[in-house]
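Okay, so here's the structure we're looking at.
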Amino acid sequence: MSINDSPRASDSILSRLRQVRTRIERAAVLCGRAPEGIELLAVSKTKPSADIRAAIEAGQLAFGENYVQEAVDKIRQLPVPGIEWHFIGRIQGNKTRAIAEHFDWVHSLADAAHARRLNDQRPPESPPLQVCIQVNVDGEASKEGCDLPGARELMALLIQLPRLRLRGLMAIPAPTPDPEAQRRAFALVREWRNRLATPECPLETLSMGMSDDLEAAIAEGATLVRIGSAIFGPRG
Ligand SMILES: *Cc1c(COP(=O)(O)O)cnc(C)c1O
């Protein structure tokens, strides 16, 4: 095979995006949900902006990033109207300003001090920052995210912060190959949402499901799946 026969990276991103969209549609239809009710977030961490551009050309508009400086560099290189940037990584107190200035969404909020800083640092000319509370449904097995009382407390603060808009919950359950165990963890996120939701704050977004467990997440009510390697290939 000569170099000219090798598929261009952009072609494989296009075909993998199509495969992921098909998986989302099938999973939705299987459980009687409308596929349009499930948003695809393309997780582009560690991948170059050329890969993101290929995904944009394939019609993808929402991108998730984990590392602030890497993300800000790519956001500056891709001033494309209509693109949404979602911060999904671990928040560090000294990075909240860059997050507040450059992102549209934050999924990984689990700390009151971070919430206050993001609120204070959100530029006045930008719309409110859309946020999800990250919840930890694995108990002792994970340190990331709020437990149920912690989520309730953070929610009470968030509804008082005018520059943040609480949209729902995000979870990264411990990975497991067992589809039943995957579903149990995602079902717990949905149950927590149902217990926390109020008429003023319905927590309509359930950000859950990644490349290896998106079907289980959709079966349990995910409204947004965060997909990296199934679109952009394995990370180095
Ligand atoms: C990396 C990452 C993803 C995507 O994971 P894949 O298994 O590559 O799909 C989703 N969510 C978060 C929070 C991540 O850090």
Side-chain angles (χ1 to χ4, degrees), residues 9 12-24 26-27 38-49 51-52 54-55 58 60-72 74-75 84-92 95 99 102-111 114 118 129-138 141-146 151 167-179 181-183 185-186 188-189 205-236:
S12 48
I13 287 170
L14 172 64
S15 70
R16 286 193 295 247
L17 254 175
R18 286 197 182 125
Q19 285 164 24
V20 168
R21 289 184 187 134
T22 303
R23 279 176 67 189
I24 292 170
R26 287 209 182 115
I38 300 147
E39 191 187 350
L40 170 58
L41 183 68
V43 175
S44 43
K45 63 172 174 234
T46 79
K47 300 296 180 180
S49 43
D51 287 6
I52 300 176
Q60 179 63 31
L61 294 176
F63 294 89
E65 289 280 343
N66 292 58
Y67 309 107
V68 175
Q69 193 52 54
E70 176 197 332
V72 169
K74 288 191 261 185
I75 291 169
E84 251 180 29
W85 296 97
H86 295 232
F87 187 76
I88 62 172
R90 178 201 280 264
I91 300 173
Q92 293 171 287
K95 298 284 170 61
I99 296 171
H102 294 281
F103 284 86
D104 304 294
W105 281 70
V106 172
H107 293 233
S108 41
L109 192 59
D111 179 280
H114 292 163
L118 289 169
L129 188 60
Q130 312 294 302
V131 302
C132 291
I133 296 175
Q134 183 173 350
V135 293
N136 167 10
V137 293
D138 295 310
S142 162
K143 293 191 291 296
E144 303 286 304
C146 294
R167 301 297 299 272
L169 303 182
M170 181 275 237
I172 316 171
T176 162
D178 172 8
Q182 292 173 357
R183 283 191 61 159
F186 292 130
L188 203 50
V189 182
T205 298
L206 286 182
S207 166
M208 58 190 195
M210 316 204 307
S211 292
D212 292 333
D213 56 14
L214 74 87
E215 284 83 2
I218 289 171
E220 297 298 345
T223 64
L224 182 153
V225 291
R226 308 179 310 267
I227 309 300
S229 48
I231 296 170
F232 294 109
R235 290 178 293 272

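All ligand and atom numbering here is 1-based and tracks the order in the structure. These values consider heavy atoms only, across backbone and side chains, with no hydrogens, waters or symmetry-generated copies.
Residues meeting the side chain to side chain contact (heavy atoms under 4.5 Å, CB included) test with Thr176, sequence neighbours left out: Asp178, Ala181, Gln182. Residues satisfying the side chain to side chain contact (heavy atoms under 4.5 Å, CB included) criterion with Lys45, sequence neighbours excluded, are Val43, Glu65, Asn66, Tyr67, Arg235. Residues forming a side chain to side chain contact (heavy atoms under 4.5 Å, CB included) with Ala58 (at least two apart in sequence, or on another chain): Leu14, Leu17.
The aromatic ring centres of Trp85 and Phe63 sit less than 6.0 Å apart.
In this structure, the side chain of Gln19 does not engage the main chain of Arg21 through any donor-acceptor pair within 3.5 Å. Judged purely by atom type and a 3.5 angstrom limit, Ser211 uses its side chain to pair as donor or acceptor with the backbone of Ala230.
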Check each N or O atom of ligand 1 against all protein N or O atoms and list the pairs under 3.5 Å, with atom names and distances to 0.1 Å, one per line.
from, atom 1, to, atom 2, distance (Å)
ligand 1, 8 (O), Ser229, N, 2.8
ligand 1, 8 (O), Ser229, OG, 3.0
ligand 1, 8 (O), Arg235, NH1, 2.8
ligand 1, 8 (O), Arg235, NH2, 3.2
ligand 1, 9 (O), Ser211, N, 3.0
ligand 1, 9 (O), Ser211, OG, 2.5
ligand 1, 9 (O), Gly228, N, 2.8
ligand 1, 11 (N), Arg226, NE, 2.8
ligand 1, 15 (O), Lys45, NZ, 2.7
ligand 1, 15 (O), Asn66, ND2, 2.7

